[in-house]
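Working notes, beginning with the structure itself.
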Amino acid sequence: MKRENVLITGGAGFIGGNFVHYMMNKYPQYNIYNLDLLTYAGDLTKHREMEGRRNYHFIKADITEREAINSLFEQEKFDYVVHFAAESHVDRSITDPSIFVRTNVLGTQVLLDAALKVDVKKFVHVSTDEVYGELDFDPATFFTEESPLQPNSPYSASKASSDLLVRAYHATYGLPVNITRCTNNYGPYQFPEKLIPLTISRVLNDEKVQVYGDGKNIRDWLHVLDHCAAIDLVMHKGVTGEVYNIGGHNERSNLDVVKTIIRTLGKSEELIEFVTDRLGHDKRYAIDPAKIEKLGWRPTFTFETGIAQTIEWYLNINWWSEQVKLLNYRKFTHLTEN
Ligand code: NAD
Ligand code: TDX
């Protein structure tokens, strides 16, 4: 029987990287192709164990380069495409939106065109709850798949634009697609520009943790392994053309998250420093996951179990502390000029 070929774009990044591990473990019968440009956010050391395995292939490529992408698709005849590759940091999109439009919009369109030519079984586009804009603090309100798209940052606008292209390629050309929109992910291998890994590194080094605004903004935290399981389900069982929201009912204010990390590491709350707010800072994200739950998915991590496991992971992994040192992570926040 022919082995299925699965293309994972952005597999050297945080979520894509975890998904490569997940798929390699769960489906040894698949050929896994990890396509990544290795931007500042991409790192292959997390896949050292995969090197040399017959069914793991790494391809260094830029999803915006049409000719290279087209010839790759013609050569490898992918059965599934799971598309993570993107510029993903909101602060960076405020400083320089252009690369977000290029990678997230044009890059997605190049992949969609290539996928059309080879008859893929499923194209899963990994998107974000940020495309719905912001909610107020009323805990009874949630985003559903029917919520209007009202993105507020250049990042979320670029993701919403790519979602619309994916939708249009299904409606116009019949490409078998799913769009997933998840809440904030956390867990192993996250790049230390995002709130949780950045806070862990700063607290460990007894440095100030910069909380934007008053710290009351709320995010709904999803452990990356729960996210991987949801994407697996959508890829294999999702109804073609449908959008699935993925969230964990794990809402926390940013201040709560920072205090939890400080407490767990046995440090003082005096490390907290309130700084200038992010421009266009969305107040709250929260998802109603009823639709994906009907498909058979439930998160396995509570925020308490997930954050404890995540902090433990960062404490024990030399790879990550080396990365933090190498990357001088401080320069990636929106306060670079301060
Ligand atoms: P990340 O920034 O950690 O990784 C992105 C990866 O894409 C990197 O490995 C990078 O090298 C690669 N890449 C960037 N430009 C590329 C290009 N032109 N060609 C090929 N590869 C390229 O991102 P992440 O946090 O793992 O997010 C993955 C996806 O999930 C993104 O599409 C993001 O929008 C979405 N998402 C993330 C979160 C989150 O909390 N992190 C939440 C919702 C949705
Ligand atoms: O130093 C910080 N201080 C702070 O208060 C940083 C880095 C962030 N914040 C705040 C801003 C947000 O309210 O914490 C919250 C989380 O910030 P980020 O980690 O930058 O994530 P967010 O902007 O919520 O976006 C994330 O979730 C949705 C991902 O980066 C996106 O890729 C995803 O689509």
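Order of listing sets the numbers, starting from 1, for every ligand and every atom in it.
With 3.5 Å as the limit, one finds no donor-acceptor pair spanning the side chains of N31 and Y56. A side-chain donor-acceptor contact under 3.5 Å links E193 and Y40. Y155 and R92 share no side-chain donor-acceptor pair at under 3.5 Å.
Checked against a 3.5 angstrom limit, the closest N/O atoms of C182 and ligand 1 fall outside it. Of the N or O atoms in L195, one or more lie within a sub-3.5 Å distance of an N or O in ligand 2. Between N185 and ligand 1, at least one pair of N/O atoms sits closer than 3.5 Å. Of the polar atoms of D91, none of the N or O atoms is found under 3.5 Å from an N or O of ligand 2, judged by distance alone. The N/O atoms of I15, backbone and side chain alike, include one that comes under 3.5 Å of an N/O atom in ligand 1. No N or O atom of D129 sits closer than 3.5 Å to an N or O atom of ligand 2. Taking only nitrogen or oxygen atoms, main chain and side chain alike, H83 does not reach within less than 3.5 Å of ligand 1. Distances between N or O atoms of T183 and those of ligand 1 include no value under 3.5 Å. For R202, no nitrogen or oxygen atom sits less than 3.5 Å from a nitrogen or oxygen atom of ligand 2, counting backbone and side chain alike. Geometrically, ligand 1 and E193 share no nitrogen or oxygen pair separated by less than 3.5 Å. Considering both main-chain and side-chain atoms, F191 never comes within under 3.5 Å of ligand 1 through any nitrogen or oxygen pair. Of the N or O atoms in R219, one or more lie within a sub-3.5 Å distance of an N or O in ligand 2.
Expressed to the nearest 0.5 Å, how far CD of E293 lies from CG of N245 amounts to 11.5 Å. Separating the CG atom in N185 from the CZ atom in R219 is a distance of 13.5 Å, to the nearest 0.5 Å. Taken from CD in E65 to CG in N70, the straight-line distance is 11.5 Å, to the nearest 0.5 Å.
For atom 5 (C) of ligand 1, the nearest protein heavy atom (residue, atom name, distance) is A86 O, 3.4 Å. Nearest to atom 2 (O) of ligand 1 among the protein's heavy atoms is S88 OG, 2.7 Å. Given atom 25 (O) of ligand 1, the protein heavy atom at minimum distance is F14 CD2, 3.7 Å. Atom 11 (O) of ligand 1 has D36 OD1, 2.5 Å as its closest protein atom, hydrogens excluded (heavy atom only). At the top of the distance list for atom 4 (O) of ligand 1, counting protein heavy atoms only, stands G13 CA, 3.4 Å. Among protein heavy atoms, atom 19 (N) of ligand 1 sits closest to I63 N, 3.0 Å. For atom 28 (C) of ligand 1, the nearest protein heavy atom (residue, atom name, distance) is F84 O, 3.5 Å. Atom 32 (O) of ligand 1 has as its closest protein heavy atom K159 NZ, 2.6 Å.
Remark: K208 NZ is packed, more than 12 non-hydrogen atoms of other residues, nucleotides or ligands lying under 6.0 Å away. A 6.0 Å sphere centred on CD of Q29 holds more than 12 heavy atoms belonging to other residues, nucleotides or ligands.
Counting the atoms of ligand 1 from 1 in the order shown, those under 4.0 Å from a heavy atom of N184 are 40 (O). Residue-ligand proximity, V211 to ligand 2, at heavy-atom distances under 4.0 Å covers atoms 5 (O). In the vicinity of T128, heavy-atom distances shorter than 4.0 Å reach the ligand 2 atoms 28 (C), 33 (C), 34 (O). The distance from ligand 1 to the heavy atoms of T128 drops below 4.0 Å at these ligand atoms: 43 (C), 44 (C). Here is the list of ligand 1 atoms found below 4.0 Å of a heavy atom in D62: 17 (C), 18 (N), 19 (N). Atom numbering of ligand 1 starts at 1 in the shown order; those under 4.0 Å from a heavy atom of V126 are 30 (O), 32 (O). Ligand 2 places these atoms under 4.0 Å from at least one heavy atom of H89: 20 (O). Heavy-atom contacts of L198 reach the following atoms of ligand 2: 1 (O), 7 (C) (cutoff under 4.0 Å). For ligand 2, the atoms lying closer than 4.0 Å to a non-hydrogen atom of H281 are 11 (C), 12 (C), 13 (O). Within the listing of ligand 2, atoms 1 (O), 2 (C), 3 (N), 4 (C), 5 (O) sit less than 4.0 angstrom from a heavy atom of Q210. In summary, the atoms of ligand 1 found under 4.0 Å from a heavy atom of A61, numbered by their order in the structure, are 19 (N), 20 (C). The L38 neighbourhood of ligand 1 comprises atoms 11 (O), with distances under 4.0 Å to a heavy atom of that residue.
Between I200 and the choices I261, I262, N205, the side chain to side chain contact (heavy atoms under 4.5 Å, CB included) rule is met once, by I261.
Under a 4.0 Å heavy-atom criterion, S127 is in contact with ligand 1. Distances from ligand 1 to the non-hydrogen atoms of Y155 include at least one value under 4.0 Å. Using a non-hydrogen distance threshold of 4.0 Å, G17 does not register as a contact of ligand 1. Using a non-hydrogen distance threshold of 4.0 Å, E193 registers as a contact of ligand 2.
A salt bridge is absent between K122 and D79; no separation between the charged side-chain nitrogens and carboxylate oxygens falls under 4.0 Å. Using a 4.0 Å cut-off between charged nitrogen and carboxylate oxygen, R252 and E304 count as a salt-bridge pair. A salt bridge between D206 and K267 is present, with a side-chain N of the basic residue lying under 4.0 Å from a carboxylate O of the acidic one. K291 and E145 are not joined by a salt bridge, as no carboxylate oxygen comes within less than 4.0 angstrom of a charged side-chain nitrogen.
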Does Y27 form a side chain to side chain donor-acceptor pair (under 3.5 Å) with D232? I'd like the steps, not just the answer. CA-CA 10 Å; Y27 299 105; D232 172 15; 2.6 Å; yes
Run the side chain to side chain donor-acceptor pair (under 3.5 Å) check on S153 and S156 step by step: do they pass? CA-CA 5 Å; S153 71; S156 52; 3.0 Å; yes
Go through the steps for I63 and H83 under the test side-chain contact (heavy atoms from CB on, under 4.5 Å), then give the verdict. CA-CA 10 Å; I63 56 167; H83 175 35; 3.7 Å; yes
Could you go through the side chain to side chain donor-acceptor pair (under 3.5 Å) check for H125 and T180 one step at a time? CA-CA 6 Å; H125 176 62; T180 59; over 6 Å; no
Take Y173 and L112, measure what side-chain contact (heavy atoms from CB on, under 4.5 Å) needs, and give me the verdict at the end. CA-CA 10 Å; Y173 307 113; L112 289 167; over 6 Å; no
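Although no hydrogens or angles enter the test, the distance criterion places no donor-acceptor pair under 3.5 Å between the side chain of K77 and the main chain of V118.
Relative to the ring axis of F137, R284 does not place its NZ or CZ within 45° and under 6.0 Å from the centre.
Of the heavy atoms in T199, none comes closer than 4.0 Å to ligand 2. Contact annotation for V90 and ligand 2: only side-chain heavy atoms (C-beta onward) come within less than 4.0 Å of the ligand.
The heavy atom nearest to atom 25 (O) of ligand 2, out of those in E130, R92, K283, R278, is found in E130.
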